[in-house]
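Ligands are counted one by one from 1 in listed order, and the atoms in each one are counted from 1 as well.
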Amino acid sequence: MRHRDLCPKVPEGETRIIHPVTDEDYVFPAALLACGELVAFPTETVYGLGADATNEAAVAKIFAAKGRPGDNPLIVHVARKSDIPPLVTHITPLAQCLMDAFMPGPVTLVMPKSRLIPDLVSAGLPTVGIRMPAHPVALNLIRHAGVPVAAPSANMSGSPSPTRAEHVEKDLSGRIPCIVDGGPCDVGIESTVIDVTDSWPVILRPGAITMSMLEDACAKAGILPHGQPDSPAFDAENQGVPKAPGMKYRHYAPKAEMRIVMPESGDRKTQYLEAVLSFLADRGDGKLGVFCGNSEHEFLEMELTPEQHQQIIFYVFGGDTDIDAAARGLFDGIRSLDSAGVGRILAAGFVGAGLEHAYMNRLEKAAGAKRELEPLEADRDSPCRSVLFVCTGNTCRSPMAEAIFNKMAAEKGPFSEMGQPRSEVCLSASSAGIYAVNGSPAEAGAVEAAKNLFAADLSGHASRKTTDEMISENDMIFTVTREHAVILRRFFPELAWKIESFSEYMSRKSIILRADDGTVRKADLPDPFGQHRIVYEKTAMSLHAIIEAMWPAILDDLGIVAAD
Ligand code: AMP
Ligand code: MG
């Protein structure tokens, strides 16, 4: 820390706003950082609230200013790649490859931390997330400060991340001494967080950099195997059973209730119109906010009467299918519709595996992570919610998942509809295979593992090929690897939004599986076919750990609770 006399002073309760133009403009905010004070600054993703990462007292001020829970780790920002080695114990070839390919850029790499990083920064974890932002203002500020800068998003905990200096002002004015204004953020969604402590990358939070981009960059360099990893999720030395879930990160909470409007047959126009009309028919409380694209806006303007129109406040992000524009405008849209006092927000949903995935992750958090489900049939004695597991041949992984899920449902049930304690809802799973032959029995290794570990009987199983009907009739569809999800979505594009791999679902829900040694376990399960008996057992154990970790989120998404 600098000598006190050299430290700038900002009176308590005052917040200076800087619009940097020349190098000299960075001297004041950089000195504040170097002196252990907080400075908010722009990055290409969202605005960050920075403090000297090596100064524990400075870092503590971040948690206080934001009201952030202490178990949520901070990301450490650097201005040069050469500043990274002292912050970590080692850099694996995978980490190096990703640093070369994506830094500076919207990516955070989780690596084993060195002693320079206080436990407060990493929330007690043995790892630290490192990021080099691609924003000239951030880089200049960090370089001038001469220290690594720990920075979470510069919002109050629980509100949407800030993508403009005005958002930071609204949340933190008077609580921090300085905001550096660099205009609106370009990406608008927080960085992709990737655990690179292992030889295979695990995406902990989706962002603009996707798994296929990682694979493209590092498979070419021979760092990553193409396609799925060929080692089983649990290798022979690692007997550790993964710990149950870490769904600890807070959700954004807009004041307005949010509904997601998904495209159908590639179009959202009629879905918007129906949703608007039904809101107006209900005479919902307050006005309706609509977060949509240009031609959707024009369409609604044309279809609605002037009186109906008066009930609506629009936020138009750009072209209807422009995911970049939608992501850039998302948090600004939520914030501005919220402050206009709307009672409900209809927000554009997107289908896709790129930025769309990260966008939907944030949108669903804002919407309370609820999927629109078919209403339960009230006239039946016990209406049902159902889950489908899909693998390749439906003879091993998916039948085991089915058996494990049904066993858990039997143990944890009975279930009732959320908010209707006296209702009764049945819950069950089935399974199918993308390339299955109808009627094959389960593999012997799978039958044995299911019997030994879960006392489940797969001997009567008959494999089934995945059909259109199965996809539409089930409420949720999980595939055992990401590749399966990609293929299945290609086969059933209309219902693509229903289909997710375990790994995609877990990253969207911030569910993290850890082994006993704290390392993150991957949720993609390779085919144990033809392997030793022990590999089948390990696959079954992994499936059990995955389903158990996802269980609360699945029940929540299905709108049911265990009745007691
Ligand atoms: P924020 O910058 O507010 O989006 O918060 C930083 C986020 O980065 C955390 O909520 C975590 O999701 C992630 N993160 C940071 N450091 C780590 C770490 N060491 N291990 C896992 N996730 C991390
Ligand atoms: Mg945040």
Side-chain angles (χ1 to χ4, degrees), residues 38 40-51 53 59 62-63 65-78 84 87-89 95 106-114 116-133 138 148-163 167-168 171-172 185 187-198 201-209 243 245-253 330-331 334-335 358 361-362 365-366 506-515 517-521:
L38 302 185
F41 61 95
T43 77
E44 79 278 31
T45 59
V46 302
Y47 272 72
L49 178 60
V59 171
I62 293 180
F63 289 91
K66 280 182 59 97
R68 184 176 175 102
D71 67 346
N72 196 352
L74 308 179
I75 292 168
V76 175
H77 295 67
V78 295
I84 298 176
L87 306 176
V88 300
T89 57
V107 70
T108 296
L109 300 182
V110 172
M111 302 192 246
K113 78 180 179 87
S114 77
L116 273 183
I117 305 291
D119 282 345
L120 196 56
V121 169
S122 62
L125 293 170
T127 55
V128 61
I130 307 271
R131 164 158 146 74
M132 178 180 174
V149 174
S153 49
N155 52 305
M156 283 305 280
S157 220
S159 78
S161 289
T163 55
H167 300 160
V168 184
D171 278 19
L172 296 173
C185 300
V187 177
I189 282 181
E190 305 88 338
S191 61
T192 308
V193 177
I194 310 168
D195 186 302
V196 291
T197 52
D198 216 333
V202 178
I203 294 187
L204 302 180
R205 176 176 77 185
I209 306 290
K243 282 197 186 124
M247 293 178 62
K248 56 187 181 188
Y249 305 122
R250 290 266 292 269
H251 289 183
Y252 311 121
L330 179 62
F331 292 142
I334 295 179
R335 278 178 179 263
N361 166 272
R362 309 309 193 276
K365 284 190 176 193
M506 290 170 75
S507 93
R508 188 163 65 78
K509 296 282 182 180
S510 309
I511 300 170
I512 298 173
L513 265 185
R514 287 184 193 284
D517 62 359
T519 54
V520 173
R521 288 275 130 228

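When the side-chain contact (heavy atoms from CB on, under 4.5 Å) test is applied to Ala208, the partners found at least two apart in sequence or on another chain are Pro106, Val187, Leu355. Listed by chain and number, the residues in a side-chain contact (heavy atoms from CB on, under 4.5 Å) with Ala154 are Ala40, Tyr47, Leu49, Pro162, Val168, Leu172 (sequence neighbours excluded).
Residue contacts with ligand 1 for His77 are absent, since no atom lies close enough (heavy atoms, distance under 4.0 Å). Residue-level proximity to ligand 1 for Asp195 is absent, since no heavy atom of it falls below 4.0 angstrom. In Thr127, the parts holding a heavy atom less than 4.0 Å from any atom of ligand 1 are both the side chain and the backbone.
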Full working for salt bridge (charged side-chain N to carboxylate O under 4.0 Å, His left out) between Asp171 and Lys66 | CA-CA 9 Å; Asp171 278 19; Lys66 280 182 59 97; over 6 Å; no

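Residue contact check: Leu125 has heavy atoms under 4.0 Å from atoms 18 (C), 19 (N), 20 (N) of ligand 1. Contact atoms of ligand 1 toward Ser153: 1 (P), 2 (O), 3 (O) (distance under 4.0 Å to a heavy atom of the residue). Taking a cut-off of under 4.0 Å to the non-hydrogen atoms of Pro152, the atoms of ligand 1 that pass are 1 (P), 2 (O), 3 (O). Within the listing of ligand 1, atoms 9 (C), 10 (O) sit less than 4.0 angstrom from a heavy atom of Asn72. Interface of Leu204 with ligand 1, defined as ligand atoms under 4.0 Å from a residue heavy atom, comprises 21 (C), 22 (N).
Counting only distance, with no hydrogens or angles, the side chain of Arg362 and the backbone of Phe331 share no donor-acceptor pair below 3.5 Å. Within the 3.5 Å criterion, the main-chain N or O of Pro73 finds a donor-acceptor partner in the side chain of Arg68.
Contact check for Asn72 versus Pro152: no side-chain heavy atoms found under the 4.5 Å cut-off.
By heavy-atom distance, the residue among Glu190, Arg68, Arg131 lying nearest atom 5 (O) of ligand 1 is Arg68. Selection from Gly129, Pro73, Ser157 by nearest heavy atom to atom 23 (C) of ligand 1 gives Pro73.
Between the side chains of Ser191 and Thr45, no donor N or O sits under 3.5 Å from an acceptor N or O.
Using a cut-off of 2.8 Å, one finds that Ser153 contributes an N/O/S atom close to the Mg ion (ligand 2).
Atom-to-atom distance recorded for Thr197:OG1 and Lys113:NZ is 14.5 Å, nearest 0.5 angstrom.
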